[in-house]
Q: 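I have a structure here, written as structure tokens, and I will follow up with some questions on it.
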Amino acid sequence: MGHDTAEWVYVGVICGILAWVGVDSWYIEKLVDDVPKDAEVIKVTAQQWFWTFEHQDGTKEVGQLHLKKGQPYKFEITSKDVNHAFNMPDWVIMQDAVPGRINKAWFVPDQVGEFPIQCREYCGLLHYNMRGTLYIEDNK
Amino acid sequence: MKTTRKQSMKSVMVLTAVTLSALLVIPLVNLADAATGEKEYIKVRNEVWNLFFRMTTAAFVVGAVVSGTIIWLVWRFRESHPKNKNPTRWETGEEVH
Amino acid sequence: MVLELAKPRPIWQIMFSTHHTDVALLYTISSLAFLFMGGVLALTIRAELFAPGPQIIADSITFNRIFTVHGTTMLFLFAIPFASGIGNYLVPIMVRYKDMAYPKLNAIAFWMIPVGAALVWLGFSDVSWTAYAPYSVIRAPGPAADMWIFGLKIIGISSVLSSINFVVTILKCKHPDLPLSKMPLFAWSMLTISLMTIVAIPTFAAALLMMLTDRLGVSGFFNPAMGGDPIAYQHLFWFTFHPEVYIFILPAIGMMYEIIPRFSRKPLYSQSSGIFAFVMLAIIGFASWGHHMFATGMSFTEKTVESLCSFLQVLAAFLIRQCHLTFSHMILTG
């Protein structure tokens with residue numbers, strides 16, 4: 001095996017691994033990017049240093065969010081002052097809240113319980129305490 | 001000793017290939033399973049965590065091969081290794097360029 | 001440096017010198033001092049986070065200030081000056097010239113760093129090292145954030161000046177008998193990062209100016225209340241600081257290229273593919289800044305394009321690993 005062969009095998013193996021990693025992640029990202037049509041819209045507004053949630057029927061909640069199990073939800077996330085990030089670690093949802101922009105995220109809760117909501121972009125004095133609680137209740 | 005080195009190289013390569021191809025096959029099998037079930041929403045967190053663990057496995061396999069090579073190399077070509085008693089032809093002061 | 005220990009000189013002779021080894025010594029000593037200062041802040045952060053709830057730091061604003069100054073110190077006052085220090089010492093020797101091309105400019109570039117460092121440390125700002133707008137524009141308190149902006153401005157100018165110096169030293173003062181293709185790879189890494197710095201830093205310098213005028217209220221580039229776009233700041237910032245990651249790492253790779261062949265007693269597998277990898281990394285490094293911004297609400301197309309660029313980047317980074325081919329070369333030839 002000559003030197004050139006070694007180099008080309010090396011480059012080939014790396015291109016192969018990278019192509020597989022790229023295609024796999026691209027495919028999952030495409031799946032996750034696709035919001036179901038029947039999703040209920042929740043407007044999420046971040047400001048220093050609390051969260052406001054507005055349901056589709058107009059009811060508002062501050063610092064807590066009550067959702068139903070099995071129902072798809074789409075979050076429309078924005079901010080009133082500085083950058084924040086809407087994060088629910090148990091549901092792998094993280095999306096920046098940027099003033100002047102509406103970002104989206106979605107999920108279908110499949111488990112009943114209480115889950116933390118937190119801010120994941122540094123936003124000043126009480127950033128560390130900018131939390132909320134997600135309550136998922138049975139649909140029956 | 002030449003054969004043992006070749007054999008160990010071979011086993012490293014085989015192990016790497018098996019792990020990486022398993023990573024390729026597992027999602028395909030999952031996909032086939034998903035196709036037989038009734039129409040449902042995807043579970044975002046499952047998809048993302050599965051992807052995460054596949055990528056992490058790939059990264060750790062590549063990392064193990066790379067750092068294993070370096071460690072073996074440092075051990076094998078250290079000056080005090082018995083096989084390195086004689087200076088290499090690059091160290092004898094002859095013109096090598 | 002061994003000479004220094006054998007025959008010590010008074011410190012002012014080193015401080016007022018413009019010789020490249022003396023400036024290199026100053027760079028190295030001060031960057032190591034900043035490494036320890038930043039390290040103290042890091043230990044403070046870890047001690048505070050040892051258990052939940054407040055431990056040793058009085059309030060959250062102090063904590064925010066500490067992690068900001070820690071990040072700024074490690075990146076701008078340790079990583080960049082350290083590379084400059086080693087480069088100052090070795091590059092003129094590697095290209096066989098008596099000194100850097102502009103010795104006085106070299107000393108000026110160094111002495112701007114303590115000024116910038118003083119502004120950053122005395123201000124003790126809380127904007128975090130990324131200083132994302134609009135927090136840094138509309139909410140960050142007092143003169144601290146402005147001092148941070150001016151400090152970084154000065155450090156940025158300093159690194160552009162020393163980069164110009166490196167480029168001229170390597171391209172114009174190199175010994176005529178030494179072709180670029182035979183130049184040691186550490187000198188190549190310094191040439192690459194110097195060119196990258198000259199291209200990358202002005203974007204951030206512009207962003208800093210815009211941020212300053214925004215803070216003064218005369219413009220609204222990043223202030224949504226005045227029609228600005230906070231995401232624009234992130235694009236400008238990462239267009240500088242994604243390449244900056246390679247500016248940090250390439251000198252270390254260059255050192256590996258010099259050290260590993262010497263200590264493994266084998267020549268480098270291929271000088272030209274090392275040069276190729278540096279240049280590819282430098283070029284593609286400017287295309288993949290967007291992967292720092294995936295959570296800011298990018299569209300799927302933007303994400304796809306940025307992922308592709310990042311994969312190219314990883315490929316180029318693996319080409320760097322061709323020093324592994326030096327290793328496989330050893331394996332194959334015994």
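The figures that follow rest on heavy atoms only: side chains count, while hydrogens, waters and symmetry mates do not. Within every chain, numbering begins at 1; the chains are lettered A, B, ... in the order of the sequence lines, protein sequences first and strands thereafter.
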Q: So what's closer than 4.5 Å to chain C heavy atoms on A/Asp96: side chain, backbone, both or neither?
A: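 Answer is both: backbone and side chain atoms of A/Asp96 are under 4.5 Å from chain C.
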
Q: So which heavy atom on A/Arg101 is nearest to which on C/Thr296, and how close?
A: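 Reported closest heavy-atom pair: NH1-O, 4.2 Å.
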
Q: Rounded to the nearest 0.5 Å, what separation is found between the CG atom of C/Asp126 and the CG atom of A/Leu125?
A: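 The distance works out to 8.5 Å.
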
Q: Go through the atoms of C/Asp59 and report whether side chain, backbone, both or neither lie under 4.5 Å from a heavy atom of chain A.
A: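 For C/Asp59, there is no contact with chain A at all, as no heavy atom is under 4.5 Å.
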
Q: Select one option (side chain, backbone, both, neither) describing which atoms of C/Pro224 are under 4.5 Å from chain A's heavy atoms.
A: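 Answer is side chain: those atoms of C/Pro224 sit under 4.5 Å from chain A.
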
Q: Shorter than 4.5 Å, heavy atoms on both sides: which option in A/Lys104, A/Glu121, A/His127 has the most such pairs with chain C?
A: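 The answer is A/Glu121.
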
Q: Counting heavy-atom pairs under 4.5 Å to chain A, which of C/Phe294, C/Phe63, C/Tyr132, C/Phe300 comes out on top?
A: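 Most heavy-atom pairs within the cutoff with chain A belong to C/Phe300.
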
Q: Measure distances from C/Ala140 to the heavy atoms of chain A and classify the residue's part below 4.5 Å as side chain, backbone, both or neither.
A: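 Contact with chain A is absent: no heavy atom of C/Ala140 under 4.5 Å.
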
Q: Below 4.5 Å from any heavy atom of chain C, which atoms of A/Asn83 appear? Answer side chain, backbone, both or neither.
A: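 Contact with chain C involves both backbone and side-chain atoms of A/Asn83.
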
Q: State whether the side chain of A/Gln95 and the backbone N or O of C/Gly297 hold a donor-acceptor pair below 3.5 Å, judged by distance alone.
A: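 Checked: pair present.
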
Q: Measure C/Ile61 against the heavy atoms of chain A and call it side chain, backbone, both or neither at under 4.5 Å.
A: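 Contact with chain A involves both backbone and side-chain atoms of C/Ile61.
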
Q: Show your working on side chain to side chain donor-acceptor pair (under 3.5 Å) between A/Trp26 and C/Ser307 and close with a plain yes or no.
A: CA-CA 8 Å; A/Trp26 183 82; C/Ser307 305; over 6 Å; no

Q: With rounding to the nearest 0.5 angstrom, report the OG1 to NZ distance, C/Thr304 to A/Lys30.
A: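 One gets 8.5 Å once the value is rounded to the nearest 0.5 Å.
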
Q: Taking all non-hydrogen atoms of both residues, which atom of C/Asn64 and which atom of A/Gly124 are closest, and how far apart?
A: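 For C/Asn64 versus A/Gly124, the nearest heavy atoms are ND2-O, 3.4 Å.
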
Q: Output the distance between atom CZ (C/Phe311) and atom SG (A/Cys15), rounded to the nearest 0.5 Å.
A: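 Those atoms lie 12.0 Å apart.
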
Q: So which of C/Ser128, C/Ala225, C/Ala295 has the largest heavy-atom pair count under 4.5 angstrom toward chain A?
A: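 Heavy-atom pairs under 4.5 Å are most numerous for C/Ala295.
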
Q: Where do C/Ser60 and A/Tyr128 come nearest, in terms of heavy atoms and distance?
A: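 Nearest heavy atoms, C/Ser60 then A/Tyr128: CB-CE2, 3.3 Å.
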
Q: Parallel, tilted or perpendicular: which describes the rings of A/Tyr122 and C/Phe67, with under 30° parallel and over 60° perpendicular?
A: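 Ring orientation of A/Tyr122 relative to C/Phe67: perpendicular.
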
Q: Checking heavy atoms, do the side chain of C/Val127, its backbone, both or neither come under 4.5 Å from chain A?
A: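 Backbone of C/Val127 only, per the 4.5 Å heavy-atom cut-off to chain A.
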
Q: Answer with side chain, backbone, both or neither: which region of A/Asp81 has an atom nearer than 4.5 Å to a non-hydrogen atom of chain C?
A: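 Both parts, heavy atoms under 4.5 Å.
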
